[in-house]
Participant: 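Got a structure for you, questions after.
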Amino acid sequence: MSETENSTTTNFIRQIVEQDLKAGKNDGHVHTRFPPEPNGYLHIGHAKSIVLNFGIAKDYNGQCNLRFDDTNPHKENIEFVDSIQQDVRWLGYDWQDRLFYASNYFQQLHDFAVELIQAGKAYVCDLDGEQMRAYRGTLKEPGQESPYRSRSVEENLALFARMKAGDFADGERVLRAKIDMGSPNMNLRDPTLYRIRHGVIHHQTGEAWCIYPMYDYTHPVSDALEGITHSLCTLEFEDHRPLYEWVLDNISIPCHPQQIEFSRLNLEYTVLSKRKLTQLVDEGFVEGWDDPRMPTVAGMRRRGYSAASIREFCLRIGITKSDGLVEMGMLENCIREDLDAHAPRRMAVMHPLKVVIENYPQGQSESLTAPNHPKDEAMGERQIDFCREVYIDQADFREQANKKYKRLVTGGEVRLRNAYVIKCEEVMKNNQGEIVELRCSYDPETLGKNPQGRKVRGVVHWVSAQHGVKGEVRLYDRLFNQANADKVEEGGRFTDNLNPDSLRTLTDCYFEPALAEAGVGEQYQFEREGYFILDSRQAAREALVFNRIITLRDSWAKIDKAGG
RNA sequence: UGGGGCGUCGCCAAGCGGUAAGGCACUGGGUUUUGAUCCCAGCAUUCGUAGGUUCGAAUCCUGCCGCCCCAGCCA
């Protein structure tokens with residue numbers, strides 16, 4: 001993390017932390033935590049939370065724990081536990097020896113529950129799910145008290161022990177907090193604290209428990225047990241805060257963390273809910289959690305986004321309580337900024353058009369030197385082979401065009417990037433009238449210098465037909481067609497918004513020889529095309545497969561579209 | 001009037017009673033062997049809205065409008 005990240009970042013949460021520090025609260029300590037449930041892969045919304053939590057710990061000399069909120073074994077598994085750790089590390093953060101699981105606290109959670117029962121603040125309820133819903137009331141009407149609410153402490157203790165011992169089936173009993181069925185806050189209408197789950201093997205505790213604590217009960221206790229000072233979560237938990245407080249106020253625990261909520265990230269043209277991402281994976285709309293089109297950390301890594309640019313993005317969007325929809329352009333700018341500075345330049349032709357340079361001797365070739373970066377000399381240079389036959393991109397030739405078209409036209413000149421100026425002498429077509437080859441001449445006096453007395457229209461990239469390496473390129477585009485991908489028509493599904501062209505594969509591409517040695521994780525700029533990275537899943541194969549990370553900014557596209 | 005939140009430029013976001021930061025996007029112009037990068041310039045007389053308090057209001061008060069969240073034995 002040596003890059004200069006926005007150090008002036010401030011937000012309302014940091015202000016609270018600073019005030020607390022100034023007031024000497026928590027003995028001057030700051031301790032945060034990132035608490036994912038291992039029921040899916042991390043996405044860029046989690047990255048926002050990670051950057052916030054670990055960033056605050058780092059900037060205020062504090063600590064940040066990684067804690068798995070693993071209270072619902074039904075949806076969780078070890079693959080997710082592993083991927084989350086890998087992704088947090090990849091993003092550049094270190095929890096040192098502070099890796100925890102809510103399940104580490106199952107015994108203590110149980111003991112505190114017994115405390116609540118003894119204090120008459122929790123009871124075992126026999127209502128089933130449907131009945132419970134009916135008793136809960138509605139948003140505008142108060143609920144009714146459960147007929148089991150007034151059980152004696154002794155009976156509750158005995159029943160809870162039997163729940164734990166496995167005497168009851170799933171759903172048969174539940175432990176509830178005794179708070180207020182008439183509360184306007186639904187979360188306070190005697191929320192469930194424990195439920196029964198048989199027949200699932202918890203990835204950490206195996207079959208040791210058949211009762212599992214709910215999030216609302218587990219979270220405050222876990223935070224307090226770990227000495228968390230500031231418990232940061234997203235806005236939808238705002239209504240849960242009174243319950244968070246209630247739990248800590250009613251058990252014998254000295255620590256009392258402060259819960260602070262911020263708005264979750266919404267990004268244009270993608271979805272950021274684990275439920276929907278899971279559907280995309282399970283229903284085969286994408287290759288997997290690490291599909292380069294996914295907004296997951298694993299997907300973005302495979303796509304070629306750097307950890308630094310994702311961090312930068314998270315800092316730029318800020319932390320507030322107002323919900324918004326962030327433009328893709330914001331992310332894309334962060335990606336490009338990083339890539340422009342660090343990616344070595346190369347040449348690749350994706351829609352090849354053969355060019356024969358008639359005045360270049362048959363059988364001859366020469367090695368040209370090209371810088372790896374136009375501004376950063378320290379990045380060195382590489383050799384490129386030039387010969388009589390080269391490929392240029394089909395988009396870089398038009399039989400005729402107006403003055404705005406700065407590429408090759410019949411009878412016109414153009415510079416081959418890092419090489420000579422060529423002139424189009426003749427256009428060869430097949431029986432269908434399609435252009436199949438260009439006959440050109442080159443000016444041997446134009447290597448490293450401009451021709452005298454005439455102006456060359458533009459510069460075009462190329463690859464030697466003899467020396468170039470053939471391979472595949474995968475062009476990725478936005479996953480959804482709608483900026484607000486969550487928004488669906490009546491009766492529709494969010495997958496209706498999927499972009500059918502989010503992946504296009506080009507198999508007839510030519511890469512300059514240096515790219516044959518490309519390694520996993522190395523990002524390149526294919527000049528005039530965009531940024532690319534070797535696909536990490538294809539790397540072991542013979543064929544070269546490059547993923548397009550992102551295009552270059554393209555002001556020509558606008559001009560061309562407007563009619564030149 | 002169920003409860004809880006949020007409304008500052010197209011997007012994100014500073015601002016915390018003293019007269020609207022910054023970034024992204026966009027629009028001009030310059031440099032350029034990438035139509036990239038870089039550089040320079042422009043881009044909110046106004047802060048959802050209507051009143052009120054004040055010498056002074058995006059900031060304080062009141063009403064109204066709009067949007068988001070909550071009725072899992074999910075997190």
Side-chain angles (χ1 to χ4, degrees), chain A residues 6 8 10-12 15 35-37 39 69-72 74-75 125 127-129 132-134 136-143 170-176 183-189 191-197 212 214-216 218-219 233-242 261 263 268 274-275 315-334 336-337 340-341 345 347 370 373-375 404-407 414-419 421 446 448-450 456 458-461 483 525-530 551-560:
Chain A
N6 184 1
T8 60
T10 184
N11 58 55
F12 79 98
Q15 286 180 6
E37 183 189 14
N39 65 345
D69 224 328
D70 57 346
T71 56
N72 186 4
H74 210 72
K75 296 157 65 183
C125 184
L127 257 25
D128 65 29
M132 237 171 132
R133 198 183 323 129
R136 188 153 34 230
T138 68
L139 291 176
K140 297 190 178 183
E141 299 155 29
D170 287 15
E172 216 178 311
R173 296 281 192 294
V174 97
L175 183 73
R176 292 226 256 169
S183 173
N185 183 342
M186 300 297 277
N187 296 299
L188 264 21
R189 321 246 261 229
T192 300
L193 264 24
Y194 268 91
R195 76 283 219 184
I196 299 168
R197 284 279 178 279
Y212 290 91
M214 300 288 289
Y215 164 87
D216 280 315
T218 308
H219 213 81
C233 62
T234 42
L235 245 31
E236 66 269 27
F237 294 104
E238 222 158 9
D239 285 346
H240 297 237
R241 195 185 334 129
E261 310 85 11
S263 63
E268 281 187 344
K274 261 195 225 172
R275 203 192 99 248
L315 292 173
R316 283 191 197 178
I317 55 175
I319 298 290
T320 66
K321 296 184 71 148
S322 61
D323 34 29
L325 181 62
V326 177
E327 288 180 346
M328 253 312 179
M330 193 82 97
L331 210 209
E332 291 175 341
N333 180 267
C334 296
R336 288 199 182 100
E337 207 169 271
D340 176 56
R345 264 98 249 231
M347 292 198 287
H373 192 102
K375 291 185 173 174
K404 282 185 180 166
Y405 187 77
K406 302 196 298 182
R407 309 181 188 186
V414 78
R415 172 174 296 279
L416 294 179
R417 175 76 165 155
N418 299 124
V421 169
T446 54
K449 53 181 186 253
N450 284 324
V456 181
V459 182
V460 139
H461 57 97
Q525 184 194 99
F526 291 177
E527 289 193 276
R528 303 210 312 128
E529 293 287 0
T551 62
L552 252 29
R553 184 179 276 109
D554 185 4
S555 56
W556 162 245
K558 288 173 202 162
I559 300 168
D560 193 32

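Quantities reported herein were computed from a predicted structural model and do not represent experimental measurements. Reminder, nothing fancy here: chain letters follow the sequence lines and each chain counts from 1.
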Participant: When rounded to the nearest Å, what value does the distance between C1' atoms of B:A50 and B:C43 take?
Facilitator: 29 Å

Participant: Roughly how far apart, to the nearest Å, are B:U59 and B:C16 at atom P?
Facilitator: 12 Å

Participant: Separation of A:R407 atom CZ from B:A36 atom C1', in whole Å?
Facilitator: 12 Å

Participant: Does B:C6 have a Watson-Crick or wobble partner in any strand here, with both distances under 3.5 angstrom, and which is it?
Facilitator: B:G66

Participant: For nucleotides B:A25 and B:C12, find the distance between their P atoms and express it as a whole number of Å.
Facilitator: 15 Å

Participant: Could you let me know what B:C47 is paired to, Watson-Crick or G-U wobble, both distances under 3.5 Å, or none if it's on its own?
Facilitator: none

Participant: Do A:E529 side-chain and B:U34 base share a donor-acceptor contact under 3.5 Å?
Facilitator: no

Participant: Please report the distance separating the C1' of B:A75 from the corresponding atom of B:C69, rounded so that it comes out in whole Å.
Facilitator: 15 Å

Participant: Give the C-alpha distance, both sets of side-chain angles, the deciding distance and a yes or no for side-chain contact (heavy atoms from CB on, under 4.5 Å) between A:L193 and A:M214.
Facilitator: CA-CA 5 Å; A:L193 264 24; A:M214 300 288 289; 5.6 Å; no

Participant: Ignoring hydrogens and angles, are the base of B:U34 and the side chain of A:R528 linked by a donor-acceptor pair under 3.5 Å?
Facilitator: no

Participant: How far, in whole Å, is B:C61 from B:C68 if one measures between their C1' atoms?
Facilitator: 25 Å

Participant: In this structure, how many angstroms lie between the P atom of B:U34 and the CG atom of A:L416, rounded?
Facilitator: 13 Å

Participant: What verdict does the side-chain contact (heavy atoms from CB on, under 4.5 Å) test give for A:R241 and A:N185, after you've listed the backbone C-alpha separation in whole Å, the side-chain angles of each residue and the deciding distance to 0.1 Å?
Facilitator: CA-CA 10 Å; A:R241 195 185 334 129; A:N185 183 342; over 6 Å; no

Participant: Encode nucleotides 68-75 of chain B as B, S and - characters from 5' to 3', where the letter depends on protein heavy atoms closer than 4.0 Å: B to the base, S only to sugar-phosphate, - to neither.
Facilitator: SBBBSBBB

Participant: Within the structure shown, what part of the strands sits under 4.0 Å from A:K321 by heavy-atom distance: base, sugar-phosphate, or nothing?
Facilitator: sugar-phosphate

Participant: Mind listing the closest non-hydrogen atom pair of A:H240 and A:D216 along with its distance?
Facilitator: ND1-OD1, 2.7 Å

Participant: Quick one: look up who B:C73 pairs with, Watson-Crick or G-U, both distances under 3.5 Å, and put none if it's unpaired.
Facilitator: none

Participant: For A:Q525 and B:C38, give me the distance from atom CD to atom P, rounded to whole Å.
Facilitator: 12 Å

Participant: Applying side-chain contact (heavy atoms from CB on, under 4.5 Å), run through A:L552 and A:Q525 and close with a yes or a no.
Facilitator: CA-CA 9 Å; A:L552 252 29; A:Q525 184 194 99; 3.7 Å; yes

Participant: If you compare every side-chain N and O of A:S322 against the phosphate oxygens of B:A13 (OP1, OP2), does one of them come in below 4.0 Å?
Facilitator: yes

Participant: Looking at the side chain of A:K140, which of B:G2, B:C6, B:G35 is the nearest nucleotide?
Facilitator: B:G2

Participant: How is A:S263 classified with respect to the nucleic acid when contacts are heavy atoms under 4.0 Å: base, sugar-phosphate, or nothing?
Facilitator: nothing

Participant: Kindly point out which of B:A36, B:G23, B:A13 is positioned nearest to the side chain of A:L552?
Facilitator: B:A36

Participant: Restricting to non-hydrogen atoms, name the atom on A:S263 and the atom on A:S322 that form the minimum distance, rounded to 0.1 Å.
Facilitator: OG-O, 3.1 Å

Participant: Need the glycosidic conformation of B:G72: syn if within 90° of 0, anti if not. Which one?
Facilitator: syn

Participant: Specify the separation, in whole Å, of atom CZ of A:R345 and atom C1' of B:U32.
Facilitator: 13 Å

Participant: Reading RNA chain B from 5' onward, which residue's closest nucleotide shows up sooner: A:V459 or A:L331?
Facilitator: A:L331

Participant: Measuring only the C1' atom in each nucleotide, how far is B:C65 from B:U1? A whole number of Å is fine.
Facilitator: 15 Å

Participant: Suppose you measure atom C1' in B:U19 against the same atom in B:C47; what distance do you get, rounded to whole Å?
Facilitator: 13 Å

Participant: Could you tell me whether A:F12 contacts a base, only the sugar-phosphate backbone, or nothing, with contacts defined as non-hydrogen atoms closer than 4.0 Å?
Facilitator: nothing

Participant: I need the NZ-P distance between A:K375 and B:C38, as an integer number of Å.
Facilitator: 6 Å

Participant: State, to 0.1 Å, how close A:G137 and A:R189 come at their nearest heavy-atom pair, and which atoms those are.
Facilitator: C-NH2, 3.8 Å

Participant: Rounding to a whole Å, what distance do you find between A:E261:CD and B:G3:P?
Facilitator: 19 Å

Participant: Checking the side chain of A:N187 only, and the main-chain atoms of A:D239 only, is there a donor and an acceptor separated by less than 3.5 Å?
Facilitator: yes

Participant: Please evaluate residues A:T71 and A:H219 with respect to the criterion side-chain contact (heavy atoms from CB on, under 4.5 Å), reporting the C-alpha separation (whole Å), side-chain torsions for both, the decisive distance (0.1 Å), and the verdict.
Facilitator: CA-CA 10 Å; A:T71 56; A:H219 213 81; over 6 Å; no

Participant: Using modelled atom types and a 3.5 Å cut-off, is there a donor and acceptor pairing between side-chain atoms of A:R345 and backbone atoms of A:A370?
Facilitator: no

Participant: Regarding A:R528 and A:D554, does a basic nitrogen lie under 4.0 Å from an acidic carboxylate oxygen?
Facilitator: no

Participant: Take atom C1' in B:C11 and the same atom in B:C26, then report the distance between them in whole Å.
Facilitator: 11 Å

Participant: With the side chain of A:N11 defined as its heavy atoms from C-beta on, choose the nearest nucleotide among B:C12, B:A14, B:G35.
Facilitator: B:A14

Participant: Please determine, for B:A41, whether a Watson-Crick or G-U wobble partner exists with both distances under 3.5 Å, and give it or none.
Facilitator: B:U27

Participant: Has the side chain of A:K75 got a donor or acceptor atom that lies under 3.5 Å from a matching backbone atom of A:E37?
Facilitator: no

Participant: For A:G458, which contact category applies under a 4.0 Å heavy-atom criterion: base, sugar-phosphate, or nothing?
Facilitator: nothing

Participant: Within the sub-3.5 Å range, which N or O atoms of nucleotides 25-31 of chain B have a protein N or O partner, and how far apart are they?
Facilitator:
| unit_1 | atom_1 | unit_2 | atom_2 | d |
| --- | --- | --- | --- | --- |
| B:A25 | OP1 | A:R553 | NH2 | 2.4 |
| B:C26 | OP1 | A:K558 | NZ | 2.9 |

Participant: Identify whether any heavy atom of A:Q15 sits under 4.0 Å from a base atom; if not, whether one sits that close to sugar-phosphate; answer base, sugar-phosphate or nothing.
Facilitator: base

Participant: Strictly distance-based, threshold 3.5 Å: is any side-chain N or O of A:S183 a donor or acceptor partner for the main-chain N or O of A:L188?
Facilitator: no

Participant: With sugar-phosphate meaning primed atoms plus P, OP1 and OP2, does A:A557 contact a base, only sugar-phosphate, or nothing at under 4.0 Å between heavy atoms?
Facilitator: nothing

Participant: Take atom CG of A:L315 and atom P of B:G23, then tell me their distance rounded to the nearest Å.
Facilitator: 16 Å

